[in-house]
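What follows is a set of notes on a single structure, which appears directly below.
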Amino acid sequence: MTGYDIASGQWALLGTRAPASLVDARLQLHHLVQTIASFGQALLEPREDDSHRNMGWDEAATGFRSWPAGDGRSVVVRTEPLEVILDAPGSPRAVALEGKTLGHAYRWLEEALDVEPGTLAPPEYEIPGHAVASGAPFDADPAALAELGRWYANAHLALGVVASQEAHASAVRCWPHHFDIATLIPLSGHGPDGSSRTVGCGMTPGDGSYPVPYWYVTPWPYDFEAERPALDGGGHWHAEGWLGAVLTADRLVQDETPAAQASRAGAFLSRAVRACIQIAPRT
């Protein structure tokens, strides 16, 4: 296959856990990373695009990292082991979350930050429910968390290639609302309604559209009547509620080597980006 050249030597093999088995761990992790968003909303300068509450993937930490505060402190949520870290210059602190509650994570982080109780509040985002939101302890399968970590690590790698090759593409960031990691590619001109034309390119670990992880590439604005070009890598077009090219985990993990998986992802993303640029309507 041809497409974006994703370094197979850096690709983590996916499929050691069945994609459908990741749902519970994904939901628990989604609730835990809201601590990063709460750090951003409480202690960072607000940004109009809400990016002060988003996070990056930190390969060295095997987890998600907030933007740094003015004093250099940042918050990390690790996937293996599941823990929250306050990374302060010279004196990082961590708390393991297995068997602990989400409330415990928030209280611990407030104490570590030396802020008033209640300073860190879950954001207003509507995210999928899970018992941990009501006080149940974290009990996610460590193997499933590790597999989710590999999905995010690979997405960070692949989307970094996309962002480096597409003009003016945004930084690769993970958004706590939908829990997707993505880059946004601006296009010239405007849509029929005057909105900016863009192509969004990312990976989500699963959601209401597909319960398993999947890659997506979406044009904006949507034109559901546009003729959709053929896709590479086993991708297909999604056209219920939103329009975009999709490559699901079930298809990707049929390849059994890092090189084959990286090649498939690169072929899909490259062709899907070109296709979405083609069908994004303009005046």
Side-chain angles (χ1 to χ4, degrees), residues 4-17 19 22 25-26 28-30 32-37 39-40 51 53-69 72-90 92-97 140-166 169-176 178-184 201-206 213-216 247 249 252-253 255 257-266 269:
Y4 295 121
D5 186 11
I6 301 169
S8 60
Q10 300 177 45
W11 183 275
L13 184 66
L14 300 169
T16 58
R17 290 300 305 267
L22 304 179
R26 181 247 296 176
Q28 294 193 44
L29 191 59
H30 195 172
L32 185 57
V33 299
Q34 301 309 305
T35 57
I36 292 178
F39 171 81
S51 61
R53 296 195 286 184
N54 73 18
M55 52 199 160
W57 176 259
D58 187 322
E59 183 65 19
T62 321
F64 306 91
R65 182 181 293 273
S66 72
W67 294 103
R73 295 187 296 179
S74 60
V75 174
V76 175
V77 170
R78 294 191 68 190
T79 58
E80 46 178 320
L82 188 65
E83 62 183 15
V84 171
I85 301 169
L86 175 61
D87 194 357
R93 300 174 59 184
V95 60
L97 270 302
D141 177 8
L145 289 169
E147 179 77 352
L148 285 169
R150 289 188 286 272
W151 272 97
Y152 279 102
N154 287 339
H156 176 77
L157 171 68
L159 296 172
V161 173
V162 175
S164 72
Q165 295 189 21
E166 301 298 335
S170 70
V172 177
R173 301 294 292 178
C174 181
W175 296 84
H178 296 293
F179 207 16
D180 60 327
I181 183 170
T183 181
L184 187 68
C201 187
M203 188 282 299
T204 173
Y214 65 93
W215 299 90
Y216 67 84
L247 176 65
L252 186 63
V253 301
D255 294 320
T257 67
Q261 291 181 358
S263 177
R264 182 175 298 279
L269 292 170

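Every value quoted in this text rests on a predicted model; they were computed, and no experiment measured them. We count residues from 1, following the sequence as given. Hydrogens, waters and symmetry mates play no part in the numbers below; they use all other heavy atoms, side chains included.
Closest approach of A25 and A144 over heavy atoms only: CB-CB, 3.7 Å. Across every non-hydrogen atom of A259 and S8, the tightest pair is CA-CB, 3.5 Å. Smallest separation of non-hydrogen atoms from M55 and P176: CE-CA, 4.0 Å. Of all non-hydrogen atoms in L269 and C201, the two that sit nearest each other are CD2-SG, 3.7 Å. Across all their heavy atoms, Y152 and C174 have their closest contact at CE2-SG, 4.1 Å. Looking at every heavy atom in both residues, R65 comes nearest to S74 through NH1-OG, 2.8 Å.
In summary, the side chains of R150 and T16 do present a donor paired with an acceptor at a separation below 3.5 Å, with no hydrogens or angles considered. Of the N and O atoms on the side chains of Y4 and E166, at least one donor lies less than 3.5 Å from an acceptor on the other residue.
A heavy-atom distance below 4.5 Å is found between the side chains of L82 and L32. Counting only heavy atoms from C-beta outward, the side chains of P205 and L22 never approach each other to under 4.5 Å. Using a 4.5 Å heavy-atom cutoff, the side chains of L157 and I6 are in contact.
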Item to check | Stepwise side-chain contact (heavy atoms from CB on, under 4.5 Å) test for Y214 and L247 | outcome: CA-CA 6 Å; Y214 65 93; L247 176 65; over 6 Å; no
Next on the checklist: Does D180 form a side-chain contact (heavy atoms from CB on, under 4.5 Å) with M203? I'd like the steps, not just the answer.
Outcome noted: CA-CA 6 Å; D180 60 327; M203 188 282 299; over 6 Å; no
Item to check | Steps toward side-chain contact (heavy atoms from CB on, under 4.5 Å) verdict (L252, L14) | outcome: CA-CA 8 Å; L252 186 63; L14 300 169; 3.9 Å; yes
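The backbone N or O of S51 sits less than 3.5 Å from a side-chain atom of W67, completing a donor-acceptor pair. Counting only distance, with no hydrogens or angles, the side chain of D87 and the backbone of P92 share no donor-acceptor pair below 3.5 Å. Remark: the backbone N or O of T257 is not paired with any side-chain donor or acceptor of D255 at under 3.5 angstrom. In this structure, the side chain of Q261 does not engage the main chain of W11 through any donor-acceptor pair within 3.5 Å. Checking side-chain atoms of H156 against main-chain N and O of G56 turns up no donor-acceptor pair under 3.5 Å. Side chain of T79 to backbone of T62: a donor-acceptor contact under 3.5 angstrom is found. In this structure, the side chain of E83 does not engage the main chain of L97 through any donor-acceptor pair within 3.5 Å. No side-chain donor-acceptor contact under 3.5 Å links E80 to the backbone of P142. Panel note: side chain T183, backbone V172; no donor-acceptor pair is recorded below 3.5 Å. Side chain of S66 to backbone of V75: a donor-acceptor contact under 3.5 angstrom is found.
R78 has no carboxylate O lying under 4.0 Å from a charged side-chain N of D58, or vice versa, which leaves the two without a salt bridge.
Summarising the geometry, atom CG belonging to D141 is positioned 10.0 Å from atom CD belonging to Q28; distances are rounded to the nearest 0.5 Å. How far CH2 of W151 is from CZ of R17: 14.5 Å, rounded to the nearest 0.5 Å. Summarising the geometry, atom CG belonging to L159 is positioned 12.0 Å from atom CG belonging to L184; distances are rounded to the nearest 0.5 Å. For the atom pair NE2 (H178) and OG1 (T204), the distance works out to 9.0 Å, reported to the nearest 0.5 Å. The CH2 atom of W175 lies 4.5 Å from the CG atom of N54; values are rounded to the nearest 0.5 Å.
Note that R173 lies outside the cation-pi zone of W57, set by a 6.0 Å cut-off to the ring centre and a 45° limit from the axis.
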